[in-house]
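The block underneath contains the structure these notes are about, expressed in structure tokens.
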Amino acid sequence: MANIRSRQLIKGGSSHTITWRDPETGHKTRTFSDKDYGPGEALNKALELKAFLDANGNTYMLAAKAKVRKDSTAPTVSEVVVRHIDLLRKPQPGTIAKYRKMAASHIDGSDLGRTPVDKVNKARADSRGNAGIPQCPTRSR
């Protein structure tokens with residue numbers, strides 16, 4: 001479970017530090033300051049990260065993927081592929097069934113298939129699965 005520690009800064013404003021133990025990388029922290037995000041916005045960012053971490057087992061990579069999906073209104077890659085298959089004109093016999101089977105086995109269950117199309121880039125389409133997800137810009141303790 002992630003924790004938030006808030007403190008007032010001497011020069012005005014406040015900072016909010018989230019601390020959590022990532023099962024993959026160990027102890028992590030991330031600080032949001034009013035001077036970087038504006039008054040009140042830093043606390044909102046900290047609370048949002050805490051909520052995503054708590055919902056995803058304190059794993060930053062899963063939390064980042066969940067945030068990308070939440071923030072997008074675009075359809076997923078899997079939905080676009082299905083729509084494309086449905087719109088094929090004059091396919092050969094069996095082509096539609098073959099394409100649907102290929103999409104189901106290679107795209108539907110993958111991270112790429114669940115990614116909104118507006119968030120896909122060359123790195124994300126890489127077969128390693130975690131490519132394209134922003135790394136947590138904090139230090140391990």
Side-chain angles (χ1 to χ4, degrees), residues 1-92 94-141:
M1 180 165 176
N3 296 310
I4 297 179
R5 183 187 74 214
S6 297
R7 64 184 185 96
Q8 294 299 318
L9 300 174
I10 294 172
K11 295 181 180 179
S14 59
S15 90
H16 311 279
T17 302
I18 299 104
T19 305
W20 74 96
R21 182 163 303 282
D22 192 306
E24 297 171 6
T25 59
H27 191 250
K28 294 286 213 176
T29 61
R30 173 89 191 260
T31 300
F32 297 93
S33 175
D34 283 344
K35 70 176 186 162
D36 297 329
Y37 293 97
E41 188 63 25
L43 178 59
N44 292 338
K45 293 275 188 187
L47 290 171
E48 182 180 48
L49 177 58
K50 181 186 182 320
F52 276 108
L53 286 167
D54 289 345
N56 290 285
N58 284 336
T59 303
Y60 183 80
M61 293 300 289
L62 293 177
K65 288 178 185 178
K67 182 168 179 6
V68 164
R69 290 185 194 115
K70 177 192 169 277
D71 290 347
S72 178
T73 58
T76 64
V77 170
S78 182
E79 292 168 346
V80 171
V81 168
V82 167
R83 193 174 318 142
H84 173 74
I85 291 170
D86 291 341
L87 294 175
L88 288 175
R89 295 171 37 123
K90 299 182 183 179
Q92 295 294 316
T95 300
I96 299 291
K98 181 175 113 179
Y99 286 178
R100 284 190 179 136
K101 182 178 175 184
M102 290 169 63
S105 63
H106 296 287
I107 296 173
D108 292 349
S110 69
D111 283 335
L112 178 63
R114 292 185 297 267
T115 303
V117 292
D118 63 341
K119 303 298 181 184
V120 175
N121 57 26
K122 185 176 179 180
R124 177 123 348 138
D126 190 345
S127 64
R128 289 177 282 180
N130 289 334
I133 299 297
Q135 297 298 312
C136 183
T138 62
R139 297 178 296 190
S140 296
R141 287 188 181 180

Problem set entry | Heavy-atom closest contact (E79 atom, T76 atom, distance) | OE1-N, 3.0 Å
For this session: Heavy atoms only: give me the nearest I96-I85 pair and the separation to one decimal.
Result: CD1-O, 3.4 Å
Exercise. Ignoring hydrogens and geometry, is there a side-chain-to-backbone donor-acceptor pair from N3 to T19 under 3.5 Å?
Worked result: no
Exercise. Would you say the side-chain atoms of R114 pair up with the backbone N or O of G109, donor to acceptor, closer than 3.5 Å?
Worked result: yes
Exercise. Does any non-hydrogen side-chain atom of L9 lie less than 4.5 Å from one of R7?
Worked result: yes
Problem set entry | Side-chain heavy atoms of V120 within contact of L112, under 4.5 Å | yes
Exercise. Backbone N or O of S78 within a donor-acceptor pair of the D108 side chain at under 3.5 Å?
Worked result: no
Exercise. Can you name the closest pair of heavy atoms from S6 and H16 and give their distance?
Worked result: OG-ND1, 2.6 Å
Seminar exercise, completed: Sorted by chain and number, sequence neighbours left out, salt bridge (Lys or Arg N to Asp or Glu O under 4.0 Å) with R21 holds for none
Seminar exercise, completed: Of all heavy-atom pairs linking A74 and P116, the shortest is O-CB, 4.1 Å
For this session: For residues A42 and D34, report the shortest heavy-atom separation together with the two atoms involved.
Result: CB-OD1, 3.4 Å
Problem set entry | Presence of salt bridge, D86 and R100, under 4.0 angstrom | yes
For this session: Looking only at non-hydrogen atoms, find the nearest pair between A2 and D54 and report the distance.
Result: N-OD1, 3.1 Å
Exercise. Between N58 and W20, is there a donor-acceptor pair closer than 3.5 Å when you use the side chain of the first and the backbone of the second?
Worked result: no
Seminar exercise, completed: Here the ring-ring contact (aromatic ring centres under 6.0 Å, His included) pairs for residues 37-59, sequence neighbours left out, are F32-Y37
